[in-house]
Amino acid sequence: MSKKIILIGIITLVVTAVAYTTWYSYDRHEKLTQAQMCNDMLANPPKPTIVTGPDGSPAQLYSLNGCATVVVPPSLWDLLRGRMVFENVPQRMKVNPYSLTDILLGRYTFGPTDIGCDQSATTTDCASLLAQNPPSPAVAGSDQYAAAILACYPKSSTGAEDTPILNNSIQYVKETSRMFINMPKDLYPQDLKDSWTTVAGNATAGSVGGGFGESVAATPSCWSSYVDFEGTGEVDLRVRSVVQGAPDYFVRFIVSSV
């Protein structure tokens, strides 16, 4: 009888191991497929839907695409070897802390990498800088909003326009420098004119050529503004979201002399 119980136990373990291996491999394959579809969609975004705007005129509506939030887990072979190698994690993003349950289920999320504060470059106490302008409270789909901003920075041939400017980040720039700032049309308004505030020194920022372009250095679902920085000091960009529950877009730019 004891041999029979042992045999049943062994068979149960083998069946469980085979079933888990099959499920994990299938789930990872599905996430790989979804990530590839996402990348294809970002490279060739679908056409917008034409809707009627508040003033009765036709307007283009772009759907918010959150597929970039898919994190492809390590292969089972890598997992058995203790190698946590992830795929489809966008530039300047990291995989959030995870538990043993998350590892077994291949369930991961990502968030922005920590951006340090150079005390010598700012007049604001680094310890209090983010406390003064904390990230928006966590809301459902917050990873989706982060992914939407990342999706606004397609890879370019020169690499000059594809570095994302993440929400709640600190950016260090030189006086007279220029850069593209891209934001999803679904989440933020087109005009940045009243969104800048000088908080130290005489640093200012403004769009070159006025307003936003439709997609000058971004995907069709995003606004793109070419911004010029003048003076030295610190200037904040805070853009109020047009979607209830979505975080405002906040970046502090620390401008130094050439």
Side-chain angles (χ1 to χ4, degrees), residues 31 33-72 87-93 109-112 135-136 139-169 171 178-195 207-227 237-251:
K31 289 177 179 176
T33 302
Q34 188 176 356
Q36 183 59 55
M37 291 176 60
C38 173
N39 293 332
D40 292 342
M41 187 180 298
L42 293 178
N44 302 285
K47 294 181 178 180
T49 302
I50 304 300
V51 299
T52 301
D55 59 355
S57 62
Q60 296 180 337
L61 177 64
Y62 292 85
S63 60
L64 181 62
N65 182 7
C67 64
T69 59
V70 177
V71 180
V72 179
E87 297 181 44
N88 201 49
V89 180
Q91 182 184 14
R92 296 180 66 182
M93 300 293 279
T109 60
F110 65 75
S136 301
V139 293
S142 58
D143 285 343
Q144 185 177 13
Y145 299 132
I149 292 176
L150 286 169
C152 288
Y153 291 85
K155 291 293 182 182
S156 66
S157 58
T158 63
E161 299 93 18
D162 56 14
T163 300
I165 300 177
L166 302 177
N167 197 5
N168 292 299
S169 68
Q171 302 290 325
R178 294 181 175 184
M179 66 173 60
F180 286 100
I181 298 178
N182 306 337
M183 292 182 296
K185 294 179 179 179
D186 284 351
L187 296 179
Y188 304 104
Q190 182 177 9
D191 192 0
L192 286 185
K193 182 177 61 176
D194 299 320
S195 300
S207 299
V208 178
F212 275 80
E214 285 297 307
S215 301
V216 176
T219 56
S221 60
C222 301
W223 304 120
S224 177
S225 184
Y226 195 42
V227 176
L237 172 64
R238 184 180 294 278
V239 187
R240 302 295 180 183
S241 172
V242 298
V243 176
Q244 185 177 6
D248 294 338
Y249 182 74
F250 171 79
V251 180

Partners passing side chain to side chain contact (heavy atoms under 4.5 Å, CB included) against Ser195 (at least two apart in sequence or in another chain):
Leu192, Leu237, Val239
Between Val71 and Lys31 the two heavy atoms that sit nearest each other are O-CD, 4.0 Å
If you define the side chain from C-beta out and look only at heavy atoms, does anything of Phe180 sit under 4.5 Å from Ser225?
no
First locate atom CG of Leu187, then atom CZ of Arg240, and finally report the distance between them rounded to the nearest 0.5 Å.
15.0 Å
Gap between atom OH of Tyr249 and atom CD1 of Ile181 - 0.5 Å precision:
6.0 Å
OG (Ser224) and NZ (Lys185) are apart, to the nearest 0.5 Å, by 10.0 Å
Taking atom OG of Ser207 and atom CH2 of Trp223, what is their separation to the nearest 0.5 Å?
12.5 Å
Within this structure, what is the CD1-CG distance for the pair Ile149 and Asn182, rounded to the nearest 0.5 Å?
10.0 Å
So which atom in Pro247 and which in Ser241 form the shortest heavy-atom distance, rounded to 0.1 Å?
O-CB, 3.6 Å
Short side-chain to backbone donor-acceptor contact, Asn168 and Phe250, under 3.5 Å:
no
Working to the nearest 0.5 Å, report the span between CG of Leu166 and CG of Leu150.
5.5 Å
